[in-house]
Amino acid sequence: MKKCLLCGQDFIPATSFLRIFSFKKFHEQCLCQHCLTKFAPISGEHCKICYGKAAANELCLDCLEWQKMYGHNLLHNHAIYRYNDAFHEIMVNYKRYGDYVLREVLQELCFEQLKKIKADFYVPIPTSPEHIAKRQFDTVAAIYSQLVPLSFFLAKKEGQGAQGERTRSERLKSKQSFLVKEGIKADVNKHSVLLLDDIYTTGRTLYYARDALQTAFPQAKISSFTICR
Ligand SMILES: [Zn+2]
Ligand SMILES: [Zn+2]
């Protein structure tokens, strides 16, 4: 028997592989069936570029806006769940209150889908230094570091605040806040890069991260992965 990390009820967990590359560690389910059903998998029709809400083979409203700015150079994003109350609640507890144990729930929600996407480099979206100091951990790296080998190519400029605390229009008006770290030895050009974040909201963060990497490595093939859209 195990206690569900969200509701505290006892349940019988199923066991599966967690680590994609080493297969060293088994993952024991940490969410009961009841809590799992509160999350809404994206199924059927969705935006062909970012998994947003759209009819099959159409673009969502966000991608139509990005198309005006970027033309054909759109960022393909893979997402698993629709943003809903259950996801909102878990992210508030994880990010605002720094509940580190919830990374296990987020890992459980994404690891099976993530292991289907192969990339040469998995690059997490960096958390600002101020937020790491506040929570004592990097919220994105904490989710993905036990699932795939991470390449910390990006840094965040200081004093930029978090997108999560901004309104939609403030997010879209935000300025480029990512830098590609100096002295990267890896041969990133001509290889595939999967950017990793928790949520795709407007796409602003991920496009800036993509732009920074694309400037440094013009021939890299960059796409992104988020648990939620
Ligand atoms: Zn539960
Ligand atoms: Zn879209």
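Read the numbers this way: they start at 1 and go in the same order the structure lists the ligands and their atoms. Because only heavy atoms are used, hydrogens play no part in the values below, and waters and symmetry mates are left out as well, while side chains stay in.
Under the rule for a side-chain hydrogen bond (donor to acceptor under 3.5 Å, both in side chains), T139 has no partner lying at least two apart in sequence or in another chain.
Sorted by first and then second residue, the pairs that involve residues 48-62 and meet salt bridge (charged side-chain N to carboxylate O under 4.0 Å, His left out), not counting sequence neighbours, are D62-R168, D62-R229.
Residue-and-atom listing of protein N/O/S atoms under 2.8 Å from the Zn ion (ligand 1), sorted by chain and number: C4 SG, C7 SG, C32 SG, C35 SG. Protein N/O/S atoms closer than 2.8 Å to the Zn ion (ligand 2), listed by chain and residue number, are C47 SG, C50 SG, C60 SG, C63 SG.
The six-membered or imidazole ring of Y207 lies near that of Y70, with a centre-to-centre distance under 6.0 Å.
Relative orientation of the Y100 and F137 rings is perpendicular, given thresholds of 30° and 60° on the angle between their planes. Using cut-offs of 30° and 60° on the angle between ring planes, the pair F153 and F217 is tilted. Y51 and H46 have parallel rings, their planes meeting at less than 30° on a 0 to 90° scale where 60° marks the start of perpendicular.
Contact check for L196 versus I143: no side-chain heavy atoms found under the 4.5 Å cut-off.
At distances below 3.5 Å, at least one donor-acceptor pair connects side-chain atoms of N84 with backbone N or O atoms of K38. Here the side chain of Y144 pairs a donor or acceptor atom with the backbone of D197 at under 3.5 angstrom.
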